[in-house]
Structures are given as C-alpha cells and as structure tokens.
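Chain letters run A, B, ... following the sequence lines, proteins first and then strands; every chain starts at 1. Side chains included, hydrogens not; waters and symmetry mates left out as well; all remaining heavy atoms used.
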2 protein chains.
Amino acid sequence: MEIQGLPGRLLAVLGPAIASGELPEGTVLRAEELEQQHGVSRTVVREAVRILESMRMVEPRRRVGTTVRPKADWDVFDPLVIRWRLAGADRSAQLRSLGSLRVAVEPAAAALAARCADDDDRRELSALAVELTVTARAADLESFLAHDIAFHAVVLRASGNEMFAHLKDTVGAVLTGRTEHHLMPHRPREYAVQLHREVAEAICTGDPERAERAMRTIVVGALEELDATLPD
Amino acid sequence: MEIQGLPGRLLAVLGPAIASGELPEGTVLRAEELEQQHGVSRTVVREAVRILESMRMVEPRRRVGTTVRPKADWDVFDPLVIRWRLAGADRSAQLRSLGSLRVAVEPAAAALAARCADDDDRRELSALAVELTVTARAADLESFLAHDIAFHAVVLRASGNEMFAHLKDTVGAVLTGRTEHHLMPHRPREYAVQLHREVAEAICTGDPERAERAMRTIVVGALEELDATLPD
DNA sequence: GAAACACAATCGTCATACTTTTGGGTGTCC
DNA sequence: GGACACCCAAAAGTATGACGATTGTGTTTC
C-alpha cells in the first residue's frame, strides 16, 4: 500500500505537511534544504518530490525551487491525498466531500449490483447483513465497523464497475474516521441496520430500484448526521 | 499537466504500455534494461518507476525486479491512468466505467449546483447553453465539443464539491474521446441540446430536482448511446 | 530428503560531478 | 529615464560510480 523506503517516509512527512496547510500554497521547497532537514540524499528527495508532482501538489521549477501548488490543483482522488487530508486540518471538508460522493455513487452501485451481482456476492452480502445485525445488537462497534466496511465494499465490487469498486478504501476510510472520531451513535441505530438488510435483500432478489432507494437512505442519513455533527 | 523531463517521457512510454496490456500483469522490468532500452540514466528510470509505484501499477522488489501489478490494483482515478487506458486496448471498458460514473455523479452535481451556484456560474451556464444551441445548429462539432466540456465543467464546479469539480478533466476526456472516435451523431441532437438548456435554466432558477432530472437524462442517454455503439 | 548456508542478482541509497534552464541584475544604447 | 540585450548565478535535471540491504536460488551438508 504505502510507498516503500526512504522516499516513502519523506513523503509521509511532506504530504501531510502540505495537506494540512502547514506548507501553504506558494511555499518554496529547495532540494538541498530537504536533504539536510531530513538527512537523506538527493536521490531520495527527488523521488519523493516527483511523486508529489504526479499528485499535482507541487511544481518543481528550475532556478526557483519546488513550489506548493494551490489546493484546487491537487489530485483529490488520490488515496494518499485523501488520507492526508482526513488526518489534517480540513478533515471536515474532506468528510463532507466524501459524503456527497457517497450519496452520488453508492446508490448507483447498489442498483447495478442488483443487476450484476453473482452468487458469491449475494451470499457474502447476506452473511454480512446478519453480522451487522448481530454486532449492532451487541453494541460491538469495532466488529460492526469492520463488517460495515466489508458490506459497502462488496456492494461497490458487485456493481461490476471497476471505478466504483476502487472507492471501497475511500468509503472505508470515511466509516473508520466516523467511528474513530465519535461521530457515531454509541450503538448503531436499528433503522440503519434494517436498511442494510434491505439493500442486501434487494440485491439478492435482483431489485435495483429498491436497492438504490435503501442505499440512498443510508448514505443520505450518514451525510446529514455528518453535517449535524461536524464543526463549522 | 504532464510530468516534466525525461522521467515524464519514460512514463509516457511505460504507462501506456502497461495500461494497454502490452506489458501484462507479472511482467518484470529491470532497471538496467530500462536504462539501456531508453538511453537514460538510473536516476530517470527510478523516478519514473516510483511514479508508477505511486499509481500502484508496478511493485519494485529486491532481487526480482519491478513487476507489473494486476489491473485491479491500479489507481483507476488517476488522470494519467484514465488517459492511458482511453488511448489503449480497453478503451471500451474505460468509457463504460466512466459512463456509469457520470450517471452517478453528474445528476447529483447538477442538483447541488442548483442550490450552490453563484451568479458567475449561472451567467456562464446560460451563455454556454446559448453557445451549445448555436454551434449544434451550425453542426460545428469542434466548437460544440469545447462548449459541451465547458458546460459540464461549470456544473461540476458549481456543485461546490471539490471532488466533483475534479472530475471535469475526466468528463472532458470522455466527451473528447466520444467525438474523436466518431461515437457521436454527425450533428448534435436537438433533444440533447434542449436538455442542456433545461439544466442551465433549472440551475439558474434554483430548481434542484429539475436540474438533476435533466442532467440524468443527458448522461443516461450518453451511456446508452455508448453501449449501443461500442464494440464487444 | 530436509535444513542450513553461501552466493549473486537486483533494488535502494549516497556522494559527486556535470548540464540545462531561467530569473534577475547589469550595462548599454536610444 | 526607459527599454533592450546580455551575462551570471541559482536551482533543478541528468549521469555515474560505489556501496548497502534484501532475498530468491542453488549448493552443501547431514
């Protein structure tokens, strides 16, 4: 998952620093400084900076240095960027963006899944719906979270659309963040669990409209809860 | 936009080669070979490979070489990956994925835009709707395409969601690809143009439901046309 | 035949030298 | 005094040689 080696470690310092606004737009990073500050060689600095360049977070220019680009240019779909932003200052904004994205994508994915899911997908969904019910009743937030992530991941995968499928980690990050920062009720709402069961059932019986509707209720609810809970 | 310098050029060779399946999953790239084949130094090879690693397209491993990862691991939202795939063998699959993504995202973006758009956005949309009408009647496909791209970009931006906004290049790429590969009628359908006018009007008058509905009709239509036209 | 070991291939890192680009300063000319 | 051309130095870009670290593979040994 992570980038390997020293460039990866340097990236894990620079990325969050830029994402959090600690190094604001226009800041100039000079290679030599980075070498000394982090005690690494030119090679390492260059590779880390190249990766940031490929994420459009910085722009190296000769004679002037590597400048931090405006936030609007960043590759906001890059998993690393998402993670850095979730960890930093604009976590709220990132969560809201992701919430809207979920509202757009997950109902569509559920509808597609009701059409395309294979038998394995359906079995897995049913099993996860049961697990969700059980762990919710037991108020086992940790297991609930794990199964919730798995549930949404299966729906996204079963949609048969590779781009939807790749949002699974992103959705997982949102769900995790929500639980970690106590934006969740102390025990999952029975209504939400019921909706998950309904999604599973609709996908298993091949009912796209119902799957889409139930999923939309879930993600809209999550977004509203987010809006109500988040600061500013 | 592009990655600069020699690493960028190497990337522009390796990326498409991997994306097109010319270098299939499991292929081993050795640094020394790449140096010689492309007449560049280790520095350049390493930086290019690092970027591919950050896109999760390859995985460098000691003693064995840099192996191409399965397609399922790739960062399918990375603009470069999308472009490479559109240019290569699975252009059809990529277009279909993007089509579904548009169906999910653009109606939601239109609805949000009807709520959040500022006066500039609204003016711009109105103007673009006029342009679309004029260029469609004149059968000026080139100008029509440019305005079409701009139109969808404004809607995405006006949604106020940065992640939606960043899909503008992607949507632009789809529209461009569609025109370039003659998947479009010889002159834009009047009905489609009318729908664009309706989206603009609904956003200007602050009518989310109507904006969403009209936009959905547009993108669903585009997706159906795609499915009908594409090979396999 | 299995386990321990040594070897070598390949990536990873460092240090250094050289090249290329380009912003800014300097000077000249009108 | 201003505009233009020129030059210089600063910073990134590239190349290269050396060494370190890891790990698959083959070999030896019991």
Side-chain angles (χ1 to χ4, degrees), chain A residues 1-15 17-18 22-70 73-75 80, chain B residues 1-15 17-18 22-70 73-75 80:
Chain A
M1 179 68 193
E2 299 290 350
I3 276 72
Q4 310 248 324
L6 296 196
R9 272 199 261 164
L10 181 54
L11 204 63
V13 175
L14 292 181
I18 296 174
E22 188 186 327
L23 300 175
E25 169 182 350
T27 305
V28 177
L29 309 167
R30 281 181 309 106
E32 199 180 351
E33 277 180 14
L34 293 177
E35 290 176 38
Q36 293 169 0
Q37 285 169 12
H38 301 88
V40 293
S41 73
R42 190 91 175 269
T43 317
V44 171
V45 169
R46 287 193 53 76
E47 288 175 23
V49 167
R50 273 287 191 217
I51 293 173
L52 287 173
E53 184 194 2
S54 82
M55 295 169 172
R56 290 156 183 86
M57 293 181 79
V58 302
E59 182 181 19
R61 272 164 51 204
R62 283 177 159 152
R63 164 75 197 191
V64 42
T66 298
T67 64
V68 175
R69 299 178 62 169
D73 291 346
W74 303 352
D75 241 13
L80 282 178
Chain B
M1 177 68 194
E2 299 290 350
I3 276 73
Q4 309 250 322
L6 297 196
R9 273 199 259 164
L10 181 53
L11 203 63
V13 175
L14 293 181
I18 296 174
E22 188 185 326
L23 301 174
E25 170 182 349
T27 305
V28 177
L29 309 167
R30 282 181 309 106
E32 200 180 351
E33 275 181 15
L34 293 177
E35 290 175 37
Q36 292 169 0
Q37 285 169 12
H38 301 89
V40 292
S41 71
R42 277 204 302 291
T43 317
V44 170
V45 169
R46 287 191 53 75
E47 288 176 23
V49 166
R50 273 285 192 222
I51 294 173
L52 287 173
E53 184 194 2
S54 82
M55 295 169 173
R56 291 155 180 85
M57 293 181 80
V58 302
E59 184 181 17
R61 271 165 50 204
R62 283 176 161 143
R63 164 75 197 191
V64 41
T66 298
T67 64
V68 175
R69 298 178 65 170
D73 292 345
W74 303 352
D75 240 15
L80 281 178

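Here C/dT13 presents its C1' atom at 9 Å from CZ of B/Arg62, a figure rounded to the nearest Å. Atom-to-atom, CG of A/Leu10 to C1' of C/dT13 comes out at 13 Å; the value is rounded to the nearest Å. Put simply, CD on B/Glu33 is 14 Å from P on C/dA9, counting in whole angstrom units. Per the geometry, CD belonging to B/Glu53 stands 13 Å off P belonging to C/dC11, to the nearest Å. Following rounding to the nearest Å, B/Glu35 (CD) and D/dA15 (P) show an atom-to-atom distance of 9 Å. Going from atom CD of A/Glu59 over to atom P of C/dT21 covers 17 Å, rounded to whole Å. Between the P atom of D/dT16 and the CD atom of B/Gln36 lies a distance of 11 Å, rounded to the nearest Å. Separating the CD atom of A/Glu32 from the C1' atom of D/dG13 is a distance of 15 Å, rounded to the nearest angstrom.
A salt bridge links B/Arg50 with B/Glu53: the closest approach of a Lys/Arg side-chain nitrogen to an acidic carboxylate oxygen falls below 4.0 angstrom. Contact check on B/Glu25 versus B/Arg69 returns no salt bridge, with no Lys/Arg side-chain nitrogen under 4.0 Å from an Asp/Glu carboxylate oxygen.
Residue B/Arg42 places no side-chain atom within donor-acceptor reach of the base of D/dA15, judged by atom type and a 3.5 Å distance cut-off alone. Judged by distance alone, with hydrogens and angles left aside, A/Ser41 brings no side-chain donor or acceptor close enough to the base of C/dA15 to form a pair under 3.5 Å.
Annotation: of the two residues near DNA chain C, A/Val64 and A/Glu47, the 5′-most nearest-nucleotide partner is A/Glu47. Taking for each of A/Arg63 and A/Leu6 the nucleotide of DNA chain C with the nearest heavy atom, the 5'-most of the two is the partner of A/Leu6.
Considering only heavy atoms from C-beta on, A/Met57 stays 4.5 Å or farther from A/Val68 through its side chain.
The side chain of A/Arg50 lies closest to D/dG13 when the candidates are D/dA12, C/dC14, D/dG13. Closest approach to the A/Arg30 side chain among D/dA15, C/dG12, D/dA11 is made by D/dA11 (side chain taken as heavy atoms from C-beta onward).
Among the heavy atoms of the strands lying under 4.0 Å from B/Arg46 is at least one base atom, whether or not backbone atoms are also near.
Environment of CD in A/Glu32: sparse, with no more than 12 heavy atoms of neighbouring residues, nucleotides or ligands closer than 6.0 Å. Within a 6.0 Å sphere centred on CD of B/Gln37, other residues, nucleotides and ligands contribute more than 12 heavy atoms.
Regarding contacts with the backbone of D/dA10, every side-chain N or O of A/Arg61 stays at 4.0 angstrom or more from both OP1 and OP2.
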